[in-house]
**Q** 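Before I ask anything, here is the structure I am working with.
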Amino acid sequence: MEKYNPQEVEKKWQQVWNAPDYYRTVEDSSRPKYYALEMFPYPSGNLHMGHVRNYSIGDVVARYRMMAGYNVLHPMGFDAFGMPAENAAIAHGVKPGDWTFANIKNMTAQQKAMGLAYDWEREVETCREDYYRWTQWLFELFYKRGLAYKKEAAVNWCDKCGTVLANEQVVDGKCWRCDSEVHKKNLAQWFFKITAYADELLADLDKLKGWPNRVKIMQENWIGRSEGLEFAMDVPALNEKISVYTTRPDTAFGITFLALAPEHPLIEKICAVSPNADAVKNFCEHAKSQSDIERTSSESEKEGIFTGVYCVNPFNGREVQIWVTNYVVFEYGTGAVMAVPTHDERDWMFATKYGLEKIWVIDNPKSPLDFDTMTNAYVDKEGVLINSGKFTGMEMHQAMSAIIDFAEAQGFGKRKVNYRLRDWLISRQRYWGAPIPVIYCDKCGEVLVPEDELPVKLPDDVEFKQGALSPLSTSKTFNECTCPKCGGHAHRETDTMDTFICSSWYYMRYTDPHNDKMPFARDKVNYWSPVDQYIGGIEHAILHLLYSRFFTKVLRDAGLLDYDEPFANLLTQGMVIKDGAKMSKSLGNVVSPEEIINQYGADTARLFILFAAPVERDLDWSDEGVQGSFRFLNRVWRIIHIFANNFDTSAQNLTAEEISLRRTLHKTIKKVTEDVRDRFAFNTAISALMELVNAMHAFQDKPINPNLARELARDLLIMLAPFVPHIAAELWSKFFEGDVHKQSWTTFDPAAIVEDEVEIVIQINGKVREHVKVAVGLSKSDLEKLAPTLPRVDELTAGKKIVKVIAVPGKLINIVVK
RNA sequence: GCCGAAGUGGCGGAAUUGGCAGACGCAGCAGACUCAAAAUCUGCCGUAGGCAACUACGUGCCGGUUCGAGUCCGGCCUUCGGCACCA
C-alpha cells in the first residue's frame with residue numbers, strides 16, 4: 001500500500017475536473033433543477049479562510065445534489081469593479097483592469113486548487129464590457145420605468161474614498177470600506193427609487209421561509225415601516241402651513257411646541273419675520289456642521305432655538321412656539337415634529353432643558369401617575385386620554401384612530417405610512433465601475449445613451465487622483481460628445497455606478513452568461529431561478545440581499561422574469577476566528593489557505609473547516625484540529641486498502657459482529673443524508689463518518705465478509721465524496737469502476753437498521769439506576785409489568801412504596817417511589 | 001434604549017420530538033510496537049468521595065411546570081450582533 005499523498009492525488013483529479021465538459025451544465029427538463037450559489041468574491045488577489053469556508057459549504061451542497069440526481073447549476077465569478085483596483089493604480093501606476101485580471105487569475109487558480117465543482121464556462125466578471133453593457137442597459141430600464149432619477153441632496157461623502165455612499169454603506173457614521181468618518185455634502189446625484197418597493201420588500205419577507213429569521217428582522221428594521229397621521233399646522237404670521245408626521249396622534253392635545261430640522265425650507269421665511277433671525281441662522285449653520293454621529297446619536301445633547309414665531313395646534317386651537325432643533329431628522333417624515341414632552345422622552349429632555357410647558361394627556365387608570373413628581377415622560381402603550389377635549393376618557397388605541405378620523409373629517413390631516421428606508425444613492429465619483437449611460441445636452445438636457453451604442457466604455461486616458469473630481473472627467477476622449485437626439489454639443493455623465501448594482505443581478509446572468517442580445521433569456525432565468533441555496537456572510541444581510549430583492553421585483557415588473565424573490569434559501573456562515581478575533585493582517589493571526597493546502601491538501605482543509613463548527617457559527621481555527629482531520633483521511637486511506645484486500649475472499653454468512661457493523665453503516669447513511677440534505681449539519685455528518693471508520697477499524701486485523709467489505713468501502717467513499725472529493729475519487733478509481741462523483745447517492749436499507757434488542761434505561765424517581773436489554777417492540781404495558789420484576793429494582797425499592805410506573809417504549813421506565 | 005442570537009468538560013462541539021448530558025474531534029495521561037523517537041494501534045479522560053461496586057453534585061443565575069428539563073414557562077446576569085433622536 002503506498003502512502004496517502006494529497007499533493008499528487010489532488011493535482012491528478014483537478015486535471016480531470018478541469019476538462020471543459022466535466023462540469024458543463026445545460027437545461028434539462030427530465031430532472032429537478034438545483035441552483036447552488038456562493039456569493040462571488042471581490043478579486044482582492046488571494047483567497048482567505050472565509051472564502052474557503054464559503055466555497056467548501058457550497059461545494060458539499062452542490063456535489064451532494066449532483067449525486068442525488070438533480071440538474072445542478074453551480075457557477076463562480078468575480079465582483080470585479082471596485083476601489084482597490086483604482087487605489088492600486090494611484091499607488092503603483094498599474095491599470096485597474098490589469099491589476100484586476102491578474103488577481104482573478106491568481107484567485108481562480110486557488111479556487112481550482114480547492115477542487116470545487118464549478119461550471120467555469122459560466123464565469124462572470126462584472127468589469128468586462130460584455131457584462132457592464134447589460135448593467136448599463138438595466139440602468140436605462142430603471143430610468144425608463146421612472147426608478148432612476150437625479151436629485152440634489154445632502155449626501156454621505158467619504159473623504160478617504162473620494163466618493164459618495166448609500167445609506168446602507170454608512171455604518172455608525174463611518175464608511176463601510178475604510179472606516180473613516182462620513183460627512184454630508186450637497187451634490188446632485190443619481191438615485192434608484194427603492195422606496196417605491198418598500199411595501200413589497202417588507203411584505204415578501206414572509207415568503208422567505210428558508211431565510212434565517214435574524215436576516216429578515218434586520219431587513220424589517222432597515223425598511224422601518226410606521227403608520228401614523230400627517231397633518232398641517234397653521235403659521236398665522238406667515239400665512240403658511242407646516243406639515244408634521246406622528247405615530248402618536250393620541251397625544252396631539254399635549255403639543256407644547258413644534259420642532260423643525262435645521263434644513264427645513266420654511267426657516268428662511270420664518271427668519272424674514274423673526275425678531276432673532278440672526279441667532280436662528282447661526283444655530284442652523286452650527287447644527288448642519290455637526291457630524292452625522294453628533295446629529296443622529298440618541299445620546300447626543302439636544303439643542304435648539306426659539307424662532308419667535310408661533311403655529312396653531314388644529315386640535316385645540318392653542319398657539320405653540322416654533323423651535324429649530326438639532327434632533328429632528330430632515331429626511332424622514334416632513335422634517336417637522338409636533339413635540340409632546342409628557343409622552344416622548346426626547347421632547348421631555350428638550351422641554352426640561354429649555355423650560356418649556358408640559359401638558360399631560362394620557363394617564364394609566366391601573367396605576368395613576370403622580371404628575372407633580374414625574375421625572376420622565378410616560379411612554380407606555382397603555383392608558384386613557386385626559387385633557388383632550390371630546391376625546392378625554394377614551395382608551396389610547398381607540399383614540400389614535402378616532403383622532404385620525406377627526407383630522408381627516410376636518411380636512412387638515414390624513415393617515416400616512418412612512419418608511420425609514422431611503423432611496424438608493426448609486427453615483428460614485430470613481431473610475432473603476434460601470435459608467436452611468438447618460439448624456440447632458442445643452443438643448444435637450446438629460447438623454448439616455450441609445451441601447452445600440454452600449455456599452456459606454458471606460459476610457460484609458462484618465463488621471464487617477466484622489467478628490468472630489470470623478471476620474472472620468474479628466475479624460476479628453478470621454479467627456480465631450482454629441483447629443484443622440486439633436487446631434488448638438490453635449491457631455492457625458494462622469495460618475496460610475498455603485499458596484500452593488502453589478503452584484504444585484506450577476507446570479508441571473510449565470511443562467512445565460514453569453515447572451516449578447518439580452519442580459520439573459522427569460523426562459524433560462526425562469527428555469528434555474530430562484531437560487532435554491534445561497535450561501536454567504538451575514539455582512540450582506542441588508543446591502544446586497546436587499547438590493548438584489550429590489551432588482552428582482554423591478555425586473556419582474558418589466559417582464560424579464562416571472563418570480564418574486566431571487567433566493568429561496570439563505571445560509572449565513574459564521575466568521576473564521578483565530579485566538580478570539582477575526583483573522584486580520586493587523587492582528588497578525590491570518591492563516592493562509594494556500595499554505596494549508598500545500599502542507600496537507602485541499603481535502604484536509606475542507607474537512608477541518610466543515611467539521612470544526614456548525615456552518616452558521618463562528619469557527620475557531622486550530623492547527624491541531626487540522627492535523628486531526630489529516631489523520632482521519634490517512635485512516636480512511638488505510639482502512640479502504642485493508643478492506644479491499646478482502647474483496648476477493650469467499651463469501652460466508654454474516655457473523656453477529658458483521659451484522660452489527662452493517663447496521664452501523666446503514667444508520668450512518670441515514671444520518672449523513674439527513675444532516676446534509678435537511679440541516680447543513682456537516683459537523684455531525686462528518687462525526688458520524690468518523691464513527692463508521694472507527695467501527696471498521698475493529699476489523700482491521702480480521703478477515704471480513706467480502707460482500708460487506710465491498711459495501712462498506714463503496715458507501716463510505718460515496719458519502720465522503722462531497723466533503724473530500726479528491727481522496728474519494730482516488731480510492732474509488734483504485735478499487736471500483738467509473739467515477740465516484742458520477743455515482744448515485746447511496747440510500748440506507750431500512751431492514752439493516754432494525755435492531756432485535758434495545759437497551760432501555762430504568763429510572764427511580766427520575767435517576768438512572770439500571771440498563772436492561774429488551775426485545776424491540778415491547779409495549780408500554782409490557783414494560784410496566786417488567787419493571788418490578790428486575791432484581792436491581794427490587795433492591796432499590798425495598799421498603800418503599802411504588803407510586804407510579806411510567807414506561808416509554810424503546811426508551812425508558814421510570815419508577816416513582818415514596 | 002429597542003430588537004435578535006448565544007451561554008454545556010481543559011478546548012471546538014454533540015444531544016434533531018421533554019426521556020441515559022458530554023457523541024465526534026483536539027489537548028492530556030497510561031500502555032503496545034521500537035535500541036530510541038516519530039508515525040501507528042489500544043485503553044483512560046466532567047467534579048468530589050471511594051480500592052471498587054457505587055454515591056453525591058453538574059448544561060450562566062434564581063424560581064416554576066413535569067414521573068422526568070440542556071430542551072418548556074417566569075424573572076435576572078453576561079457576551080456577541082443589528083437598529084439607534086425615524087417623531
Side-chain angles (χ1 to χ4, degrees), chain A residues 3 171-172 212-222 224-226 228 244-248 251 259 261 294-302 325-340 343-347 349-350 379 418-422 538-539 541-542 577 608 611-614 616-629 631-632 634-635 638 671 674-675 678-679 681 683-691 693-694 697 700-701 759-771 803-808 810-817:
Chain A
K3 232 179 109 197
V171 181
D172 290 332
N213 224 10
R214 60 174 180 149
V215 175
K216 289 191 273 187
I217 288 167
M218 282 161 77
Q219 292 210 355
E220 196 180 317
N221 290 342
W222 189 260
R225 183 182 198 273
S226 74
V244 297
Y245 172 74
T246 181
T247 56
R248 291 295 305 274
T251 64
E294 287 171 299
R295 279 286 295 276
T296 60
S297 166
S298 52
E299 272 133 56
S300 298
E301 182 71 13
K302 289 166 190 31
T325 70
N326 65 344
Y327 72 91
V328 173
V329 178
F330 176 62
E331 290 85 6
Y332 183 78
T334 60
V337 172
M338 66 174 220
V340 183
H343 302 289
D344 181 283
E345 282 173 34
R346 297 153 301 185
D347 297 342
M349 278 190 264
F350 191 84
V379 295
N418 255 314
Y419 297 94
R420 215 192 68 105
L421 182 72
R422 312 284 154 78
I538 186 77
E539 67 271 19
I542 293 167
I577 301 283
F608 168 72
F611 174 64
E616 302 238 358
R617 252 196 264 178
D618 286 351
L619 182 152
D620 239 3
W621 185 265
S622 148
D623 293 329
E624 293 79 15
V626 176
Q627 282 179 40
S629 293
R631 258 199 295 272
F632 172 71
N634 277 290
R635 270 163 81 80
R638 276 193 306 274
K671 173 151 181 70
E674 289 168 358
D675 280 356
D678 307 332
R679 304 205 302 148
N683 55 330
T684 53
I686 291 166
S687 83
L689 290 167
M690 287 173 169
E691 284 180 84
V693 170
N694 290 347
H697 253 78
Q700 63 178 322
D701 300 321
E759 193 180 77
I760 65 163
V761 165
I762 312 293
Q763 298 182 334
I764 295 183
N765 288 345
K767 296 196 184 221
V768 179
R769 286 294 181 255
E770 177 71 314
H771 297 85
V803 182
K804 201 173 178 184
V805 177
I806 294 120
V808 182
K811 291 253 166 78
L812 57 69
I813 303 169
N814 188 13
I815 300 160
V816 186
V817 298

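A, B, ... follow the sequence lines: proteins, then strands. Residue 1 opens every chain.
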**Q** Rounded off to whole Å, could you give me the CE-to-C1' distance for the A/M218 and B/C2 pair?
**A**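 Result: 15 Å.
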
**Q** Which whole number of Å gives the distance between the C1' atom of B/A14 and that of B/U65?
**A**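 27 Å, rounded to whole Å.
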
**Q** If the sugar-phosphate is the primed atoms plus P, OP1 and OP2 and the base is the rest, what is the B/S/- string for nucleotides 19-24 of chain B, using protein heavy atoms under 4.0 Å?
**A** BB--BB

**Q** Which base, if any, makes a Watson-Crick or G-U wobble pair with B/A87, both distances under 3.5 Å?
**A** none

**Q** For A/G628, answer base if it contacts any base atom (sugar-phosphate contacts may also be present), sugar-phosphate if it contacts only those atoms, and nothing otherwise; contact means non-hydrogen atoms under 4.0 Å.
**A** sugar-phosphate

**Q** Quick one: A/K767 NZ to B/C54 P, roughly how many Å, whole number?
**A** 16 Å

**Q** When rounded to the nearest Å, what value does the distance between C1' atoms of B/C61 and B/A53 take?
**A** 36 Å

**Q** Say you draw a straight line from CG of A/L619 to CZ of A/F608; how long is it, rounded to the nearest 0.5 Å?
**A** 5.5 Å

**Q** Mind calculating the distance between CG (A/N213) and P (B/G4) to the nearest angstrom?
**A**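 The distance from CG of A/N213 to P of B/G4 comes to 9 Å, rounded to the nearest Å.
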
**Q** In whole angstrom, give me the gap between the P atoms of B/A48 and B/A39.
**A**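 That atom pair is separated by 30 Å.
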
**Q** CH2 of A/W222 versus P of B/G82: gap in Å, rounded?
**A**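 My rounded result for the distance is 12 Å.
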
**Q** In Watson-Crick or G-U wobble terms, both distances under 3.5 Å, what is the partner of B/G28?
**A** B/C44

**Q** With sugar-phosphate meaning primed atoms plus P, OP1 and OP2, does A/S226 contact a base, only sugar-phosphate, or nothing at under 4.0 Å between heavy atoms?
**A** sugar-phosphate

**Q** Can you find an N or O donor on one side and an acceptor on the other, under 3.5 Å apart, linking the side chain of A/K671 with the base of B/U16?
**A** yes

**Q** For B/C72, which nucleotide is its Watson-Crick or G-U wobble mate, given both distances must be under 3.5 Å?
**A** B/G64

**Q** Taking A/S226's backbone N and O only, do any of them form a donor-acceptor pair with A/N418's side chain (distance below 3.5 Å, no angle check)?
**A**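 No, A/N418 side chain to A/S226 backbone: no donor-acceptor pair under 3.5 Å.
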
**Q** Which nucleotide wins on minimum distance to the side chain of A/N221, given the candidates B/A87, B/C26, B/G82?
**A** B/G82

**Q** Who does B/U17 pair with, Watson-Crick or G-U, both distances under 3.5 Å?
**A** none

**Q** Classify the nucleic acid contact of A/R225 as base, sugar-phosphate or nothing, counting any heavy atom under 4.0 Å across all strands shown.
**A** nothing

**Q** Does B/G9 sit syn or anti, given that only angles within 90° of 0 count as syn?
**A**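 In terms of base orientation relative to the sugar, B/G9 is syn.
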
**Q** Quick check: does any side chain N or O of A/N814 sit under 3.5 Å from a backbone N or O of A/G766, one acting as donor and the other as acceptor?
**A** yes

**Q** B/A14 phosphate, OP1 or OP2: any side-chain N/O from A/R617 under 4.0 angstrom?
**A**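 True: A/R617 side-chain N/O within range (under 4.0 Å) of B/A14 OP1/OP2.
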
**Q** Over all strands shown, is A/E770 touching base, sugar-phosphate only, or nothing at heavy-atom distances under 4.0 angstrom?
**A**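 Touches nothing.
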
**Q** With heavy atoms under 4.0 Å as the rule, sort A/D618 into base, sugar-phosphate or nothing.
**A**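 Touches sugar-phosphate only.
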
**Q** Is a donor from one side chain sitting under 3.5 angstrom from an acceptor on the other, for A/R420 and A/N221?
**A** no

**Q** If you count heavy atoms of other groups shown closer than 6.0 angstrom to CD of A/E674, is the number above 12?
**A** yes

**Q** Sticking with atom P, work out how far B/G7 lies from B/U71, rounded to a whole angstrom.
**A** 11 Å

**Q** Look at A/R635 and B/C41 and indicate whether a side-chain polar atom (N or O) is within less than 4.0 Å of OP1 or OP2.
**A**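 True: A/R635 side-chain N/O within range (under 4.0 Å) of B/C41 OP1/OP2.
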
**Q** Tell me whether A/N326 contacts the main-chain N or O of A/E301 through its side chain, where contact means a donor paired with an acceptor under 3.5 Å.
**A** yes

**Q** Hey, could you give me the OG1/CE distance between A/T246 and A/M338, rounded to the nearest 0.5 Å?
**A**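 Output value for this atom pair is 3.5 Å.
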
**Q** Quick check: on RNA chain B, is the nucleotide nearest A/E345 upstream (toward 5') of the one nearest A/Q700, or the reverse? Name the residue that is more 5'.
**A**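 It is A/E345 whose nearest nucleotide is closer to the 5' end.
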
**Q** If pairing requires Watson-Crick or G-U wobble contacts with both distances under 3.5 Å, which nucleotide is the partner of B/G7?
**A**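 In the structure as shown, B/G7 has B/C77 as its Watson-Crick or wobble partner.
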
**Q** Look at A/R638 and B/C41 and indicate whether a side-chain polar atom (N or O) is within less than 4.0 Å of OP1 or OP2.
**A**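 Result: yes.
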
**Q** Between atom CD in A/E220 and atom P in B/A84, what is the gap in whole Å?
**A**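 Rounded to the whole Å, the gap is 15 Å.
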
**Q** From the list B/C83, B/C67, B/A27, which nucleotide is the closest neighbour of the side chain of A/R631?
**A** B/A27

**Q** For the side chain of A/V337, counting heavy atoms from C-beta on, which of B/U42, B/A87, B/C26 is nearest?
**A** B/A87

**Q** Once you round it to whole Å, what is the distance between P of B/U40 and NZ of A/K3?
**A** 11 Å

**Q** Determine whether more than 12 heavy atoms belonging to other residues, nucleotides or ligands lie under 6.0 Å from atom CG of A/D618.
**A**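 Buried by this count: over 12 neighbours within 6.0 Å.
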
**Q** Looking at side-chain heavy atoms only, is the closest gap between A/Q763 and A/L812 below 4.5 Å?
**A**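 With C-beta onward as the side chain, the pair touches.
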
**Q** Could you check which nucleotide pairs with B/C51 in any of the strands shown, counting Watson-Crick or G-U wobble with both distances under 3.5 Å?
**A**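 B/C51 is paired with nothing.
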
**Q** Rounded to whole angstrom, note down the P distance from B/G46 over to B/U40.
**A** 24 Å

**Q** Does B/A87 have OP1 or OP2 sitting under 4.0 Å from an N or O in the side chain of A/Y332?
**A** yes

**Q** Return the minimal non-hydrogen interatomic distance between A/A336 and A/V328, and the atom names on each side.
**A** N-CG1, 4.2 Å

**Q** Roughly how many Å is it from CD in A/E616 to P in B/A6, rounded to a whole number?
**A**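 These atoms are roughly 10 Å apart.
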
**Q** Starting at atom CZ of A/F632, determine the distance to atom C1' of B/C41, rounded to an integer number of angstrom.
**A** 17 Å

**Q** Has A/R214 got a side-chain N or O lying under 4.0 Å from the OP1 or OP2 atom of B/A6?
**A** no

**Q** Is A/V328 touching bases, backbone alone, or none of the nucleic acid, heavy atoms closer than 4.0 Å?
**A**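 Base contact.
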
